[in-house]
Undergrad: 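Sharing a structure below in C-alpha cells format, with a few things to ask.
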Amino acid sequence: KQCGFRNAYGRDGPIYTHWGGWTDCEVKVCFDYILFLGNLQVTKILQVPPEEHVSAFPERLPNGRYPSDHISLAADLQFVKRPPPPSSTSPSSSSSSSSSSSS
C-alpha cells in the first residue's frame, strides 16, 4: 500500500495478466492492475482464467479461447460512507472570540 492506492485484486493481485509462450522462453507476469483511492470497497472481481485453461495452448496468449495477449480485469466498487470528522471548533472557543471583538 503505497501512496494510499489499493489494488482491487488484493495485496498480491492476480497471478498473471499476460502469458506469452515461445519455443525458447515463456513470460508469465502481471502487467495490469485496477488501483483506487478513497472510501470505496470492492464488491466483486472478474476472475482470471485458471492456469490450466491457458497452458493448454502452446502459444499461451492470445489463443483461440482468449483472443488478447492480456487477460481482462474488472471490478465492481461501492462507495462506503465515512463518519464525519470531529469538529475542530468547540462552542466555548467561538463564544470567547465574539466577546473579545465587541470591546
Side-chain angles (χ1 to χ4, degrees):
K1 183 177 173 179
Q2 293 183 343
C3 301
F5 286 99
R6 291 180 286 160
N7 184 350
Y9 278 75
R11 181 178 210 147
D12 298 324
I15 296 171
Y16 67 95
T17 59
H18 170 81
W19 190 352
W22 295 273
T23 54
D24 59 340
C25 73
E26 195 164 290
V27 177
K28 181 171 139 184
V29 66
C30 183
F31 285 132
D32 308 289
Y33 300 90
I34 298 175
L35 302 175
F36 63 96
L37 284 170
N39 58 333
L40 295 166
Q41 72 180 12
V42 178
T43 58
K44 213 177 347 178
I45 59 170
L46 178 65
Q47 294 297 319
V48 173
E51 292 180 69
E52 56 271 8
H53 286 194
V54 178
S55 65
F57 296 89
E59 67 275 14
R60 307 302 187 233
L61 295 173
N63 61 49
R65 188 173 190 175
Y66 303 102
S68 176
D69 63 338
H70 289 256
I71 295 297
S72 296
L73 298 181
D76 288 347
L77 302 172
Q78 177 178 320
F79 284 103
V80 178
K81 283 191 173 187
R82 289 186 182 169
S87 176
S88 60
T89 58
S90 64
S92 62
S93 65
S94 63
S95 64
S96 64
S97 64
S98 63
S99 63
S100 64
S101 65
S102 62
S103 44

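On a predicted model such as this, the values are computed, not experimentally measured, just so you know.
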Undergrad: Among side-chain atoms of W19 and E26, is any donor-acceptor pair under 3.5 angstrom?
TA: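 Side-chain D/A pair, W19 to E26: present.
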Undergrad: Give, for atom SG of C30 and atom CG of N7, the distance between the pair rounded to the nearest 0.5 Å.
TA: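 The CG atom of N7 is 7.5 Å from SG of C30, to the nearest 0.5 Å.
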Undergrad: Could you check whether any side-chain heavy atom of L46 comes within less than 4.5 Å of a side-chain heavy atom of Y9, counting everything from C-beta outward?
TA: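 In short, these two side chains touch, coming nearer than 4.5 Å.
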Undergrad: Should V48 and L73 count as side-chain neighbours, where that means a heavy-atom distance under 4.5 Å?
TA: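 Answer yes - side chains close enough.
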Undergrad: Under a 3.5 Å distance rule, please check whether N63 uses its side chain to pair with a backbone N or O of F57 as donor and acceptor.
TA: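 No.
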Undergrad: Drop me the distance from F36's CZ to R6's CZ, to the nearest 0.5 angstrom.
TA: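 Here the interatomic distance stands at 4.0 Å.
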Undergrad: Could you check H18 against V27 for side chain to side chain contact (heavy atoms under 4.5 Å, CB included), going step by step and ending with a plain yes or no?
TA: CA-CA 8 Å; H18 170 81; V27 177; 4.2 Å; yes
Undergrad: Answer yes if L35 and L37 sit in the same cluster of Ile, Leu, Val, Met, Phe, Trp and Tyr residues linked by side chain heavy atoms under 4.5 Å apart, and no otherwise.
TA: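 In one cluster: yes.
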Undergrad: Is it true that Y33 and L61 fall in one hydrophobic cluster, defined by side-chain heavy atoms closer than 4.5 Å?
TA: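 No, no single cluster joins them.
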Undergrad: Under 30°, 30 to 60°, or over 60°: which ring-plane class applies to H53 and Y66, parallel, tilted or perpendicular?
TA: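 Ring orientation of H53 relative to Y66: parallel.
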Undergrad: Nearest 0.5 Å, what's the OH-CG distance between Y16 and D32?
TA: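 If I round to the nearest 0.5 Å, the distance is 12.5 Å.
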Undergrad: Inspect the surroundings of CD1 in I15 and state if more than 12 heavy atoms from other residues, nucleotides or ligands are less than 6.0 Å away.
TA: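 No.
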Undergrad: Got a donor-acceptor contact below 3.5 angstrom from the R65 side chain to the V54 backbone?
TA: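 It does not hold such a pair.
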Undergrad: Roughly how far, to the nearest 0.5 Å, is the CG atom of L77 from the CG atom of N39?
TA: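 Taking CG in N39 and CG in L77, the distance rounds to 11.0 Å.
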Undergrad: Mind checking what makes salt bridge (Lys or Arg N to Asp or Glu O under 4.0 Å) contact with E51, not counting sequence neighbours?
TA: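 Salt bridge (Lys or Arg N to Asp or Glu O under 4.0 Å) list for E51, sorted by chain: K28.
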Undergrad: Do you reckon V42 sits in the same ILVMFWY cluster as V80, going by side-chain contacts under 4.5 Å, direct or chained?
TA: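 V42 does not cluster with V80.
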Undergrad: Could you tell me the separation between the CG atom of D69 and the OG1 atom of T17, rounded to the nearest 0.5 Å?
TA: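 Nearest 0.5 Å value for the CG-OG1 distance: 9.5 Å.
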Undergrad: Roughly how far, to the nearest 0.5 Å, is CG of D76 from OG1 of T43?
TA: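 The CG atom of D76 is 4.5 Å from OG1 of T43, to the nearest 0.5 Å.
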Undergrad: Checking R60 side chain against W22 main chain: does a donor-acceptor pair fall under 3.5 Å?
TA: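 Checking the backbone N and O of W22 against the side chain of R60, no donor-acceptor pair under 3.5 Å is found.
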